[in-house]
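What follows is one structure encoded as structure tokens, with my remarks underneath.
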Amino acid sequence: MKHLFIYILTLGAIFTSCDSKKAAQAEYEKENINTSEAKINDSTKIFIDASKIDSMMLVLDNDLKTIIQNSDYTTLADAVLTAEYDTRLNDSDIMIKMQAPDYTIIIYNTGKSADESDWLMVWKENGRTRFKNKWYTLAEDKKADLYKLLDKYKEISK
């Protein structure tokens with residue numbers, strides 16, 4: 001009887017230690033997921049996940065529309081990733097009058113309705129862009145890449 005008690009106590013300790021490792025691992029994985037989601041949901045950055053895009057349509061100032069090819073999704077996403085959040089326009093109640101954007105890209109995401117699509121507007125004159133109702137300034141080293149890509153589609157649509 002004494003040996004049976006020791007045996008049950010030992011088994012209980014083993015099962016408890018294994019269970020705590022699973023709980024600790026699950027907690028660690030949950031923290032990693034929350035951290036990566038926080039990076040993605042950072043409202044001061046433009047993050048476009050090219051793998052979750054169903055299609056992209058470029059709307060030009062003359063109402064011409066063209067479809068952006070899948071192979072260019074990553075190039076576009078990389079070009080706007082380093083855009084800087086414009087605190088002057090976003091964090092104040094300044095109203096500005098601007099001309100229509102040179103390019104408007106409608107991003108249709110997989111699994112979402114057309115009403116939930118994202119709009120990216122780009123002005124060439126000042127390197128300003130607007131995404132999810134927030135203003136950004138394109139990085140100097142990425143402007144040329146983005147404009148070259150969008151101008152390519154502008155020429156195709158003519």
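The chain is numbered in sequence order, starting from 1.
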Let me check something: any side-chain donor-acceptor pairs from residues 77-88 under 3.5 Å, sequence neighbours excluded? List them with distances.
| unit_1 | atom_1 | unit_2 | atom_2 | d |
| --- | --- | --- | --- | --- |
| Tyr85 | OH | Asp91 | OD1 | 3.3 |
| Asp86 | OD1 | Arg88 | N | 3.1 |
| Asp86 | OD1 | Leu89 | N | 3.2 |

For this session: Test side chain to side chain contact (heavy atoms under 4.5 Å, CB included) on Tyr108 and Glu116 and set out the steps.
Result: CA-CA 8 Å; Tyr108 299 99; Glu116 296 175 291; over 6 Å; no
For this session: Show the numbers, then the answer: is there a side chain to side chain contact (heavy atoms under 4.5 Å, CB included) between Ile105 and Leu150?
Result: CA-CA 9 Å; Ile105 300 110; Leu150 297 175; 4.0 Å; yes
For this session: Let me see the working for Gln69 and Met56 under side chain to side chain contact (heavy atoms under 4.5 Å, CB included), right down to the final yes or no.
Result: CA-CA 8 Å; Gln69 300 297 315; Met56 277 190 191; over 6 Å; no
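Pairing each heavy atom of Lys124 with each of Asp102, the nearest pair is N-OD2, 2.6 Å. Between Met121 and Thr129, the closest heavy-atom pair is O-OG1, 2.6 Å. The nearest pair of heavy atoms linking Asn133 to Asn90 is O-OD1, 4.4 Å. Taking each heavy atom of Tyr73 and Ser55 in turn, the nearest pair found is OH-CA, 3.1 Å.
Residues passing the ring pair (Phe, Tyr, Trp, His ring centres under 6.0 Å) test with Trp119, sequence neighbours excluded: none.
Interatomic distance, Ile156 CD1 to Asp151 CG, rounded to the nearest 0.5 Å: 11.0 Å. Remark: Leu138 CG to Trp123 CH2 distance equals 10.5 Å, nearest 0.5 Å. Atoms OG1 and CG, from Thr75 and Leu149 in turn, are 6.0 Å apart once rounded to the nearest 0.5 Å. Between the NZ atom in Lys52 and the CG atom in Asn109 there is a gap of 9.0 Å [rounded to 0.5 Å]. Note: Thr104 OG1 to Arg130 CZ = 11.5 Å, rounded to the nearest 0.5 Å.
With respect to the salt-bridge test (charged N to carboxylate O, under 4.0 angstrom), the residues Asp118 and Lys112 do not qualify. Between Glu140 and Lys143, at least one side-chain nitrogen of the basic residue sits less than 4.0 Å from a carboxylate oxygen of the acidic one, meeting the salt-bridge criterion.
Although no hydrogens or angles enter the test, the distance criterion places no donor-acceptor pair under 3.5 Å between the side chain of Ser117 and the main chain of Ile106. Between the side chain of Glu155 and the backbone N or O of Lys152, no donor-acceptor pair lies under 3.5 Å.
The ring-ring contact (aromatic ring centres under 6.0 Å, His included) contacts involving residues 137-158 comprise nothing, where partners must be two or more places apart or lie in separate chains.
Proximity of Thr110 to Ile53: side-chain heavy atoms (C-beta onward) are nowhere separated by under 4.5 Å. Looking only at side-chain heavy atoms (C-beta outward), Leu76 and Thr74 stay at 4.5 Å or farther from each other. Contact of the Tyr136 side chain with the Lys45 side chain is not registered, since no non-hydrogen atoms from C-beta on lie closer than 4.5 Å.
Inspection of the Asp49 and Ser51 side chains reveals an N or O donor paired with an N or O acceptor under 3.5 Å.
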